[in-house]
Amino acid sequence: MNAIAIKHNNEIIDLQTAKEKGFEGEPILLDNSKESLEVLRHSTAHLMAQAIKSLYPDAKFYVGPTVKEGFYYDFKTETEIGESDLKKIEKQMLSFAKKKYEIEKYEISMDEAKEKFKDDHLKLAVMQRITDDKVSIYKQGEFEDLCRGPHLPNIGLIRFFKLTKISGAYLGGDSKNEMLTRIYGIAFADKESLKAHMEMLAEAEKRDHRKVGSEMKLFTFREEVGAGFPIWLPAGGRLRARLEGLLYKAHRKRGYEPVRGPEMLRSDLWKTSGHYQNYGENMYFTKIDDVEFGVKPMNCVGHIKVYEDELHSYRDLPIKYFEYGVVHRHEFTGALHGLFRVREFTQDDAHIFCTSDQIEEQIIEVVDFVDKIMSTFEFDYKMMVSTKPEKAVGSDEVWDTSIKALKSAMDKNELPYEIDEGGGAFYGPKIDIKITDAIGREWQCGTIQLDFNLPERFELEYNGENNDKIQPVMIHRAILGSFERFIGILTEHYAGEFPMFIAPTQVAIVPIADTHNAYAKELADKLIDINADSEIYNKNDSLNKRIRTAEKTRVPMLVIIGDEEVEGKTVAIRDRRTREQYNLSEDEFLKLIQTKINEVNF
RNA sequence: GCUGGCAUAGCUCAGUUGGCUAGAGCAGUUGAUUUGUAAUCAACAGGCCCGGGGUUCAAAUCCUCGUGCCAGCACCA
């Protein structure tokens with residue numbers, strides 16, 4: 001196998017450049033290594049551009065980089081291109097690839113380049129971002145493109161690729177700019193890897209919580225109800241109740257007090273908090289007797305009112321209030337996505353009022369709480385520290401102090417994190433906890449936000465040691481983030497096969513004949529006594545059919561009862577994965593369920 | 001919100017170039033069957049073809065405006 005590029009000074013250098021500059025280095029072969037795929041996919045993007053240009057001669061191209069999931073190219077044509085055109089473009093790409101054009105490289109000055117592409121406003125936009133006085137042009141057949149490389153030596157090496165998605169994308173990622181067409185694709189060095197990748201995507205699609213959620217009757221959406229307003233069905237209701245129950249205990253153990261604020265509050269309060277000015281476009285408002293009210297998009301103001309209900313001493317701090325707070329946010333229609341992004345959701349929200357000396361220990365405690373929950377569900381997660389956004393309240397000084405406090409809490413405890421510049425909430429910086437869905441998209445779930453601003457705006461205080469009035473610090477935090485999003489992610493994570501402690505139904509009971517119904521009911525009642533939900537499959541169907549139906553519900557445990565079981569007070573258990581069967585006495589069975597339900601504590 | 005696509009029964013989908021009474025499977029109901037580990041048989045019921053408006057002798061099908069959904073962008077738990 002010949003090299004497709006070389007590694008020189010830890011940089012990928014294509015053969016064209018290596019030859020021109022006389023560089024030498026370790027050869028990069030055409031395989032599925034990171035470096036190789038980088039070159040291959042970038043060249044595939046160019047091949048795609050070449051095909052698009054030949055099919056739509058007026059096409060103008062912006063940028064075509066490689067990304068985590070392959071590559072894309074942004075371009076513009078007068079013709080409307082839809083999903084159905086992808087096949088056509090792929091076909092054209094293959095026919096070019098067969099011609100085995102060499103990919104040639106040459107350099108020209110920036111001025112020459114500007115002259116060469118003077119009719120192409122997209123290329124001119126690209127060049128505006130380049131500071132060098134020389135640019136390189138890559139040429140394959142008739143097609144030329146301004147590009148930094150690196151590229152393959154010949155397009156004939158591109159054989160195993162697929163165009164996956166088409167959509168719009170703003171020029172330069174800015175919604176003020178015009179929208180271009182973006183086509184995504186993927187390429188591999190061999191056929192098997194491409195096939196495996198496509199199978200992986202299909203597998204992920206099967207886990208999609210929107211599909212699984214409707215199959216399992218967890219939740220639904222209805223056009224007549226409105227976009228982004230989920231409807232929780234009985235099975236989903238049970239799953240949620242389990243999560244809520246577990247979490248309730250976990251909060252109580254850590255000293256949180258349950259409270260509840262109203263669903264809407266007078267707009268004046270939202271003006272005091274700054275939500276009216278900074279978050280108003282995401283809020284829903286209504287008028288009652290000529291007074292304007294805002295439906296809460298967050299729970300903090302309610303909790304502030306709880307705090308204000310009595311005077312506090314420094315001895316009381318930290319004070320922790322928590323609430324499964326229902327919030328409404330006017331999200332853009334295009335942002336809505338199953339349970340991951342909705343307009344009404346319930347946060348596992350809490351606010352910690354503490355002294356500035358307590359910030360660090362409180363942050364650490366919350367991070368630890370997060371870790372406990374995420375590891376129970378076997379989630380990989382990452383933490384991001386987000387700094388001051390464009391729209392923000394409070395002085396730079398306060399912001400600096402808060403960001404430093406967050407970072408130092410993390411640093412001192414050697415917790416890894418990334419920085420999200422400008423990603424903070426309008427009232428303070430935050431640590432976001434992000435987890436990944438079935439197809440690799442990252443979603444923000446938990447969040448820990450430090451806030452010096454709201455205590456000031458609401459003039460919160462506590463009595464210090466010298467009976468002086470001191471302003472507390474507020475920490476906003478949610479661990480799951482929202483029940484909606486978290487349950488969506490959980491559904492994909494487990495592909496609907498929830499573990500016993502969280503499953504909507506713990507046990508499916510299948511009586512063999514009508515004469516066994518009484519014992520089935522008896523078992524179901526005993527299960528309720530140990531906090532387990534069950535369903536009896538005694539419909540007028542064949543036994544086989546009922547077992548099949550029960551298994552398809554993804555219930556963690558299936559028990560079958562017939563004459564033998566009724567007589568011996570036992571159950572026949574069928575494992576949902578191995579289909580193996582074994583018998584347990586009723587007591588053993590109940591104890592097993594009880595253990596499995598109780599083994600999890602956050 | 002933007003770009004592109006889609007919308008037929010509770011669900012998954014057929015429905016020809018505009019043409020007679022819009023079909024199927026699953027789910028549902030009823031009846032027969034009472035089953036020992038992944039689909040018993042039969043009958044019945046189920047539709048303002050997403051909603052307005054238009055074109056046409058004629059619209060599920062064409063146009064238009066909404067609504068909702070899908071992919072991504074931008075925005076965010």
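Values below: every heavy atom of this structure, side chains too, minus hydrogens, waters and symmetry copies. Residue numbers begin at 1 in each chain, while the letters A, B, ... track the order of the sequences. Values in this document were obtained by computation on a predicted structure and should not be read as measured data.
Atom-to-atom, CZ of A:Phe340 to P of B:rC76 comes out at 19 Å; the value is rounded to the nearest Å. Rounded to an integer number of Å, the gap from A:Phe75 CZ to B:rU3 P is 16 Å. Straight-line distance from the CH2 atom of A:Trp443 to the C1' atom of B:rG72: 12 Å, rounded to whole Å. In this entry the distance linking CZ of A:Phe332 with P of B:rG1 reads 8 Å, nearest Å. Atom C1' of nucleotide B:rC76 and atom CG of A:Leu480 are separated by 17 Å, given to the nearest angstrom. When the P atom of B:rC75 is taken as reference, atom CZ of A:Arg485 falls 15 Å away, rounded to whole Å. In this entry the distance linking CD1 of A:Ile183 with C1' of B:rU3 reads 12 Å, nearest Å. The NZ atom of A:Lys217 sits 12 Å away from the C1' atom of B:rC26 (whole-angstrom rounding).
At a threshold of 4.0 angstrom between heavy atoms, the contacts of A:Ala513 include nucleobase atoms, whether or not backbone atoms are also involved. When heavy atoms are screened at a 4.0 angstrom cut-off, A:Val327 is found touching no nucleic acid atom at all. Residue contacts shown for A:Ile81 are limited to sugar-phosphate atoms, with no base heavy atom under 4.0 Å away. Contact annotation for A:Lys211: no contact, since no heavy-atom pair falls under 4.0 Å across all strands.
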Contact state string [nucleotides 36-45 of chain B, B base, S sugar-phosphate only, - no protein heavy atom under 4.0 Å]:
BBBBB-----
When every nucleotide of nucleotides 63-71 of chain B is labelled 5' to 3' by its protein contacts under 4.0 Å (heavy atoms), B for base, S for sugar-phosphate only, - for none, what sequence of letters results?
----BSSSB
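Ring geometry for A:Tyr427 versus A:His476: interplanar angle under 30°, hence parallel rather than tilted (30 to 60°).
Ring to ring, A:Phe483 and A:Phe219 are not that close: their centroids are 6.0 angstrom or more apart. Between A:Tyr184 and A:Phe71, the distance from one ring center to the other does not fall under 6.0 angstrom.
Residues A:Val126 and A:Leu122 are not in side-chain contact: their nearest non-hydrogen atoms beyond the backbone lie 4.5 Å or more apart.
Base pairing in RNA chain B gives the following stems of 3 or more Watson-Crick or G-U pairs, range against range and under 3.5 Å: B:1-7 with B:67-73, B:10-13 with B:23-26, B:28-32 with B:40-44, B:50-54 with B:62-66.
Looking at A:Tyr56 and A:Glu78, their side chains never bring a donor and an acceptor atom within 3.5 Å of each other. No side-chain donor from either of A:Gln347 and A:Arg477 sits under 3.5 Å from a side-chain acceptor of the other.
Of all nucleotides listed (B:rC2, B:rC75, B:rA77), B:rC75 comes nearest to the side chain of A:Arg341.
Between A:Asp174 and A:Gly423, the residue whose closest nucleotide on RNA chain B is further toward the 5' end is A:Asp174.
Side-chain to base pairing of A:Tyr170 with B:rG72: no donor and acceptor N or O lie closer than 3.5 Å to each other.
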Tell me which donor-acceptor pairs under 3.5 Å the side chains of residues 557-566 of chain A have, and how far apart each pair is, sequence neighbours excluded?
unit_1: A:Asp563; atom_1: OD1; unit_2: A:His516; atom_2: NE2; d: 2.7
unit_1: A:Glu565; atom_1: OE1; unit_2: A:Gly562; atom_2: N; d: 2.8
unit_1: A:Glu565; atom_1: OE2; unit_2: A:Asn583; atom_2: ND2; d: 3.3

Solution key, residues 221-238 of chain A side-chain donor-acceptor pairs under 3.5 Å, sequence neighbours excluded:
unit_1: A:Arg222; atom_1: NH1; unit_2: A:Glu224; atom_2: OE2; d: 3.2
unit_1: A:Arg238; atom_1: NE; unit_2: A:Pro504; atom_2: O; d: 2.7
unit_1: A:Arg238; atom_1: NH2; unit_2: A:Thr505; atom_2: OG1; d: 2.7

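Contact annotation: A:Tyr184 reaches the phosphate of B:rC73 (side-chain N/O to OP1 or OP2, under 4.0 Å).
Residues passing the side-chain hydrogen bond (donor to acceptor under 3.5 Å, both in side chains) test with A:Arg41, sequence neighbours excluded: none.
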